[in-house]
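Heads up, the thing below is written out as structure tokens.
Quick note on labels: first sequence line is chain A, next is B, and so on, each numbered from 1.
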Amino acid sequence: MECQNYGLSRSIERENLNLNPLQRGGILPAAAREALYDFGDGYSVCDYCAGRLDEIAKPSINGFLEDLAKFINVDAVRTVHGAREGKFAVVHALCKPGDTMVVDGNAHYTTHLAAERNGVNMVEVPNTGAPEYEITPEKYKETLENAIDEKGEIKLALLTHVDGDYGNLTDAAKIGKICQDAGVPVVLNCAYSMGRLPIDAKAMNMDFVVGSGHKSMAASGPIGVLGMTAEWEELLLQRSSRHAKKEIEMLGCTSRGAPIATLMASLPYVMERVSKWDEEVQQARNFVEKMEEIDGVVQVGVKPTQHDLVRFETPAFHEIAQKHPRRGFFLYEELKKRKIVGIKRGQTEWFKCSVYGMTPDQKDYVAGAFHEIAETALD
Amino acid sequence: MDTLRIKQAEDLIKKAGSASKGSETLKEPREGTINTELFEKAFKDLIKAEDFIYSSLPSHELSQEEAQVFTRKLLDAREKIEGMLADFGVMEKASSEDKIGKISQEFIFITTKSNFKKILVKMGVNVQHIIVAGVPLEAEDMKQINPKIPDAALKSINKKIEHVKNDISRKMEQLNLKNILVMAENDLSGQLLGKRAEDIYGAQVILEDNLKDLKAPELLKILSDAH
């Protein structure tokens with residue numbers, strides 16, 4: 001059998017500025033690309049393994065996990081295959097089929113799938129609706145209390161720290177405290193925050209935090225982070241009765257090879273960039289300001305934005321699309337001409353984007369390109 | 001398939017050889033052993049250079065300062081690749097130090113400190129071609145370096161300057177060379193020395209922020225550019 005040509009080449013990041021928020025936080029620094037060369041093979045980190053991935057000393061996965069735990073302030077941490085697997089493990093360990101958990105209305109779809117796969121019912125905290133779509137502590141409290149009254153017991157609460165639709169940053173510390181006071185363990189989904197902005201799980205009153213290496217921690221996917229307080233270690237990291245060294249919820253070992261090696265190599269870089277988060281937010285606000293100078297471009301979600309992921313409603317571009325010979329494709333094509341990608345083909349009514357990690361000049365270039373397109377696309 | 005690949009490789013090597021400059025010609029490879037350490041280091045040098053691809057998006061234009069760092073990484077990689085090619089007899093085993101040794105014969109180097117002389121010698125510059133000017137080339141420049149210098153001390157500085165200038169003239173005559181290259185750190189002493197040497201001898205001036213960090217391939221590039 002001859003294999004097909006899979007078209008396995010990609011120069012998008014080398015040739016273009018990519019605005020897709022999904023891509024911005026996962027770009028590898030040089031140290032991680034070097035680690036990729038050294039640890040690209042399947043079991044490359046397992047040469048000196050004595051049965052526990054988290055205890056491998058060469059390369060120092062044990063040392064890395066210690067640093068990571070300090071970085072996000074948890075008592076124990078494991079790498080998992082992604083934030084979704086982290087959420088699944090928590091739901092699986094804490095809930096039984098038929099139990100109920102509370103989730104916020106801006107939760108990622110994988111939160112829903114984690115609950116579904118575990119046969120757990122969800123009660124959703126609604127957001128405030130247009131134009132801010134905010135998850136407020138007051139609404140969270142009200143929903144949680146109502147759910148407790150109605151169901152008797154809520155096994156778990158989940159909060160999305162920064163959602164992937166609007167880039168809204170929730171008040172994790174306040175909501176964490178609400179859950180704590182109600183006696184409901186709570187998990188914070190930090191897929192869009194851990195690795196971008198500072199996370200202090202204990203200060204946020206969280207029992208668990210999950211993060212995404214490929215989304216926000218400059219690592220090759222798939223890899224995620226699951227951190228927890230000491231109280232939950234025994235349950236979450238329970239060992240197999242048959243294979244004494246293996247942790248059941250982790251299915252023994254999680255991500256090996258390139259994902260964990262790049263996550264490890266990137267940690268110093270990630271710690272450095274997290275310390276500059278305030279500057280990044282300010283630059284995101286400047287970018288929004290420049291975009292909103294275009295008539296018919298408005299940021300939706302909480303304003304001013306508290307995150308690099310921003311969503312715009314763009315009737316200005318949608319109007320152009322009605323008259324443009326390339327119709328809805330014009331925006332994608334005009335951006336592509338300027339070596340900017342990441343806005344979906346055909347999308348003109350609204351889009352999400354991020355300029356996270358770009359240089360100030362690159363950010364200006366992107367905003368300038370949108371201005372130019374708005375002004376000249378119909379010439 | 002393998003025969004085709006070998007033929008393609010041979011053609012490429014011939015083509016590269018015919019396009020090479022000067023005395024550098026490429027030969028047919030002979031049997032040899034891959035130096036995996038060099039291969040890894042060359043690869044990682046290129047990975048470090050790759051960062052500029054992302055930071056310079058979308059135009060990929062680099063400022064002179066950025067270009068300096070970028071090309072340093074490429075030169076680092078080149079040195080290692082050339083080492084591997086030499087292991088297979090494709091190239092002569094000429095290290096950067098050997099090349100510096102050759103090209104530096106055409107210059108008289110003036111520097112500000114004995115430490116810098118040692119660095120230059122280590123990288124292949126013939127010691128006979130280096131003069132350490134521990135003083136500027138004009139006494140009045142000393143006042144800029146040390147405004148509190150007493151006049152009495154300036155007299156002895158004057159003598160030293162005379163020695164240095166004699167040394168320069170003697171070497172120019174002995175070695176039959178006119179090309180003077182000032183290589184020093186980019187501090188006041190280096191700047192003053194460079195300016196005077198430029199005025200007096202028409203010298204070329206290279207001032208580096210950290211001369212001790214200079215690597216042989218970078219010095220080779222500097223000398224090739226100055227040549």
Side-chain angles (χ1 to χ4, degrees), chain A residues 2 10-20 23-41 44 218 220 258 261-262 265-266 269 272-273 334-342 354-370 372-373, chain B residues 1-5 8-9 12 33-85 87 209-210 213-215 217-218 221:
Chain A
E2 198 169 323
R10 180 174 183 261
S11 59
I12 279 184
E13 302 291 346
R14 289 192 293 273
E15 299 299 335
N16 305 279
L17 290 164
N18 195 341
L19 299 181
N20 189 344
Q23 306 282 7
R24 297 299 322 154
I27 295 171
L28 302 187
R33 293 197 303 276
E34 285 183 26
L36 197 56
Y37 172 71
D38 286 337
F39 290 94
D41 296 335
S44 55
S220 298
T262 51
S266 284
Y269 163 83
E272 167 70 16
R273 78 179 186 188
E334 287 293 328
L335 286 168
K336 190 76 180 66
K337 267 191 227 166
R338 292 163 176 83
K339 295 195 167 192
I340 297 170
V341 297
S354 166
V355 290
Y356 180 69
M358 290 183 194
T359 65
D361 283 351
Q362 288 171 336
K363 287 169 183 166
D364 286 346
Y365 174 82
V366 171
F370 277 107
E372 198 178 78
I373 293 166
Chain B
M1 181 66 103
D2 280 352
T3 320
L4 180 68
R5 290 266 156 79
Q8 282 174 337
L12 278 172
T33 306
I34 301 171
N35 183 332
T36 54
E37 199 181 327
L38 277 186
F39 190 94
E40 179 197 326
K41 284 181 177 166
F43 198 85
K44 289 184 176 175
D45 285 335
L46 290 175
I47 287 174
K48 288 186 181 94
E50 190 190 2
D51 263 1
F52 285 93
I53 292 179
Y54 304 107
S55 62
S56 64
L57 277 168
S59 68
H60 293 144
E61 287 167 9
L62 300 182
S63 68
Q64 208 218 329
E65 210 172 294
E66 292 164 335
Q68 201 166 11
V69 185
F70 177 68
T71 54
R72 271 181 192 183
K73 302 289 172 208
L74 295 185
L75 285 169
D76 287 348
R78 186 178 83 169
E79 193 189 15
K80 285 142 199 160
I81 290 168
E82 284 181 355
M84 286 186 285
L85 288 171
D87 289 341
D209 286 339
N210 288 304
D213 293 339
L214 193 71
K215 290 178 184 165
E218 296 157 22
K221 185 172 184 295

Can you tell which part of A:Asp38 gets under 4.5 Å to a heavy atom of chain B, answering side chain, backbone, both or neither?
side chain

Which bit of A:Gln362 is near chain B, if near means a heavy-atom gap under 4.5 Å: side chain, backbone, both or neither?
side chain

Looking at B:Arg72, I want to see if its CZ is surrounded by more than 12 non-hydrogen atoms of other residues, nucleotides or ligands under 6.0 Å.
yes

Find the one option among A:Arg14, A:Arg338, A:Lys339 whose heavy-atom pairs under 4.5 Å with chain B are most numerous.
A:Arg14

What parts of residues 37-50 of chain B touch chain A if we use heavy atoms and a cut-off under 4.5 Å?
B:Phe39, B:Glu40, B:Phe43, B:Lys44, B:Ile47, B:Lys48, B:Glu50

With a strict 4.5 Å heavy-atom criterion, list every residue of residues 55-69 of chain B that contacts chain A, or say none.
B:Ser55, B:Ser56, B:Leu57, B:Pro58, B:His60

